[in-house]
Amino acid sequence: MNKKQNRRTFLRSTALLAGAFSSNNLFSKEMLPELTRVNHAKEGLSPQVMAKDEDYWSVIQQGYSASYSNILILNNGGVSPSPIVVQKAVETYNKLSDQGPSYYMWRILDQGREPLRQRLAKLAGADTEEIAINRNATEALNTVIFGIDLQRGDEVIGCYLDYPNMMQAWKQRAMRDGIIYKQLSFDFPVEDDELIVNAYKNAITPKTKIIHVTHVINWVGQIMPVKKICQMAHEHGIQVIVDGAHSFGLLDFKISELGCDYFGTSLHKFLSAPIGTGMMWMKKEHIPNIWPIFSDADPKRNDIRKFETLGTRSFPIEQGIGEAINFHEGIGGKRKEERIRYLKDYWAKEALSIPRVRLSTSLLPAYSCGICGVSMEGMTAPELDSALFNKYKIHTTAMVNEHVSCVRITPHVYTSLRDLDRLLEALNSISKTV
Ligand SMILES: Cc1ncc(COP(=O)(O)O)c(C=O)c1O
């Protein structure tokens with residue numbers, strides 16, 4: 001490359017970089033004109049009506065390279081692909097970083113961290129000073145679980161269908177510090193808020209300090225009445241930690257509306273941010289009381305940034321979150337929630353008419369959105385998962401522990417109705433062979 005070309009490449013990357021921190025971003029350039037065109041004709045239509053508008057969703061589907069895959073991916077609850085604009089942003093930032101990581105990553109890309117914090121705060125309906133950017137929900141929630149002061153004999157209430165990493169973290173605290181970790185059992189699906197809230201309430205003792213609740217249960221997709229649990233807990237002087245790995249970017253809510261004390265989420269699930277991105281929120285007043293997992297010069301300081309002292313990690317991945325927010329906001333939170341719920345309803349309601357098919361998930365909107373568990377009488381969940389993949393090249397995941405046994409199906413905005421017809425045909429054929 002000669003000097004002139006070098007300069008042109010540099011100017012192009014700088015322009016892209018500047019774009020990522022302004023409204024002149026990749027999403028606006030590559031997707032917005034077409035989205036605006038389809039949106040124009042749909043003005044005033046409710047999210048529920050728009051959920052069924054295949055013209056509109058075909059534009060969104062084209063925004064993902066995952067929609068070209070011949071293998072049908074229906075485990076978006078595990079981890080979701082990024083839209084093409086997000087992939088391109090990360091590629092650009094990576095190329096730039098490789099021109100001189102210590103300069104481009106630490107001096108240039110890192111300038112995007114505070115604007116990104118502000119954008120995440122706006123999306124979460126939170127104060128910017130309450131948002132920490134990290135790598136996943138495990139990191140976010142383990143920071144709180146290991147960082148909170150508890151005395152021997154203090155009690156924490158969770159549930160058997162919380163996420164394993166968090167259950168393990170509480171068990172580790174029980175082993176190490178002598179806290180008592182109690183786990184509730186629910187026979188999901190449960191379509192009764194009071195039953196759930198009362199289960200937590202009845203487990204409270206004078207020693208209870210924390211309730212740990214999963215907003216959307218990953219095993220079966222049950223939506224928990226988090227707001228009511230928080231209200232009840234606070235009446236008893238108990239703090240609530242919410243695992244929002246599956247709710248953030250899927251359900252249209254603001255963290256501030258939940259009334260919780262701590263919230264951790266992955267951004268690489270329904271927000272479709274680059275893989276290896278997460279977020280932690282905590283009420284400002286709690287910040288000085290929580291110890292950071294990774295050492296900080298002043299661990300008791302009242303600054304959310306003390307939870308980001310991670311050492312060297314990928315700033316290109318972190319900065320790619322911005323384009324995922326653009327994409328998400330370009331669709332609109334409520335419209336996205338209703339589309340994903342519609343996709344779940346589309347296959348799940350039809351599947352109920354297939355002999356031997358059972359669902360582990362409520363079909364009421366208050367209790368489920370995109371995630372739904374399915375099983376086939378006469379087969380184990382791993383057998384159904386294998387049959388779907390080996391013969392039909394449909395990728396799902398088997399969810400099995402002492403309390404559940406099902407195959408979890410999770411579509412995303414890039415999933416088409418044709419994809420779901422393929423799933424239904426597969427379930428139909430499998431049911432005939434059992
Ligand atoms: C409910 C729940 N919490 C936490 C996690 C952990 O997410 P991550 O792997 O991003 O840390 C998951 C992952 O699937 C989950 O389902």
Side-chain angles (χ1 to χ4, degrees), residues 73-82 86 120 132-146 156 158-172 183-184 186 188 196 211-226 229 240-251 253 255 258 260 262-281 293-294 307-308 310 313-314 317-318 320-321 324 340 360-361 367-373 385 395-401 403-404 406-412:
I73 304 294
L74 287 176
N75 183 21
N76 294 284
V79 63
S80 298
S82 291
V86 176
L120 282 167
I133 304 162
N134 53 28
R135 294 170 296 185
N136 51 50
T138 303
E139 186 172 273
L141 292 161
N142 271 229
T143 296
V144 181
I145 296 172
F146 288 115
V156 174
C159 145
Y160 282 107
L161 293 182
D162 288 325
Y163 191 68
N165 291 1
M166 311 323 150
M167 297 194 283
Q168 283 154 206
W170 285 120
K171 285 178 186 167
Q172 197 169 309
Q183 287 177 280
L184 305 177
F186 293 101
F188 291 130
I196 297 174
I211 288 179
H212 177 111
V213 60
T214 305
H215 198 174
V216 176
I217 301 276
N218 69 292
W219 304 88
V220 292
Q222 168 94 28
I223 299 177
M224 298 290 268
V226 167
I229 294 170
V240 183
I241 301 175
V242 175
D243 178 343
H246 287 283
S247 59
F248 197 72
L250 173 66
L251 305 178
F253 69 99
I255 296 176
L258 299 179
C260 58
Y262 311 91
F263 184 97
T265 186
S266 318
L267 301 176
H268 46 226
K269 291 186 189 286
F270 287 97
L271 191 68
S272 268
I275 295 163
T277 53
M279 184 186 89
M280 180 182 63
W281 170 91
I293 278 194
F294 300 102
F307 300 111
E308 293 173 357
L310 297 178
R313 76 275 206 180
S314 170
I317 283 176
E318 194 171 280
I321 298 169
I340 298 179
S360 314
T361 310
Y367 297 103
S368 75
C369 184
I371 297 176
C372 184
D385 178 57
H395 170 68
T396 60
T397 183
M399 290 282 150
V400 182
N401 68 16
H403 306 271
V404 281
C406 64
V407 164
R408 189 181 71 184
I409 306 287
T410 326
H412 205 304

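Every number for a ligand or one of its atoms is a count from 1 in the order of the listing. Numbering of residues begins at 1 and proceeds along the displayed sequence. Excluded from the calculations below are hydrogen atoms, water molecules and symmetry mates; all remaining heavy atoms, backbone and side chain alike, are included.
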(message) Would His212 and Val242 count as a side chain to side chain contact (heavy atoms under 4.5 Å, CB included) here? Give the steps.
(response) CA-CA 6 Å; His212 177 111; Val242 175; over 6 Å; no
(message) Quick check on contacts: which atoms of ligand 1 are under 4.0 angstrom from a heavy atom of His246?
(response) 1 (C), 14 (O), 15 (C), 16 (O)
(message) With heavy-atom distances below 4.0 Å as the criterion, list the atoms of ligand 1 near Thr138.
(response) 6 (C), 8 (P), 11 (O)
(request) Work out whether the distance between some heavy atom of Met166 and some atom of ligand 1 is less than 4.0 Å. (result) yes
(request) Could you list the atoms of ligand 1 found under 4.0 angstrom from a heavy atom of Ser266? (result) 7 (O), 8 (P), 10 (O)
(message) Can a donor-acceptor pair be found, under 3.5 Å and without considering hydrogens, that links the side chain of Glu308 to the backbone of Ala132?
(response) no
(request) Could you tell me which atoms of ligand 1, counted from 1 in the order shown, lie closer than 4.0 angstrom to a heavy atom of Asn218? (result) 1 (C), 16 (O)
(request) Return the residue, atom name and 0.1 Å-rounded distance of the protein heavy atom closest to atom 1 (C) of ligand 1. (result) Asp243 OD2, 3.5 Å
(request) Using a strict 4.0 Å cut-off to heavy atoms of His268, name the atoms of ligand 1 that fall inside it. (result) 10 (O)
(message) For atom 15 (C) of ligand 1, what is the closest protein heavy atom, and at what distance to 0.1 Å?
(response) Tyr163 CD1, 3.2 Å
(message) Would the distance check show the side chain of Thr277 and the main-chain N or O of Arg135 forming a donor-acceptor pair, the cut-off being under 3.5 Å?
(response) no
(message) Tell me whether ligand 1 is touched by Lys269 - counting only heavy atoms on the residue side and a distance under 4.0 Å.
(response) yes
(request) May I ask whether Thr214 places a heavy atom under 4.0 Å from ligand 1? (result) yes
(request) Apply the test side chain to side chain contact (heavy atoms under 4.5 Å, CB included) to residues Val220 and Met399: give CA-CA distance (whole Å), side-chain angles for both, the deciding distance (0.1 Å), then the verdict. (result) CA-CA 8 Å; Val220 292; Met399 290 282 150; over 6 Å; no
(request) Answer yes or no: is there a donor N or O on one side and an acceptor on the other, between the side chain of Thr361 and the main chain of Gly373, under 3.5 Å? (result) yes
(request) Measure from the side-chain N and O atoms of Thr396 to the backbone N and O of Arg408, and report whether any donor-acceptor pair falls under 3.5 Å. (result) no
(message) Classify the ring geometry of Phe263 against Phe253: parallel below 30°, tilted from 30° to 60°, perpendicular beyond 60°.
(response) tilted
(message) Below 4.0 Å, non-hydrogen atoms only: which portion of Ala137 touches ligand 1? Side chain, backbone, both or neither.
(response) both
(message) Using modelled atom types and a 3.5 Å cut-off, is there a donor and acceptor pairing between side-chain atoms of Lys269 and backbone atoms of Gly78?
(response) yes
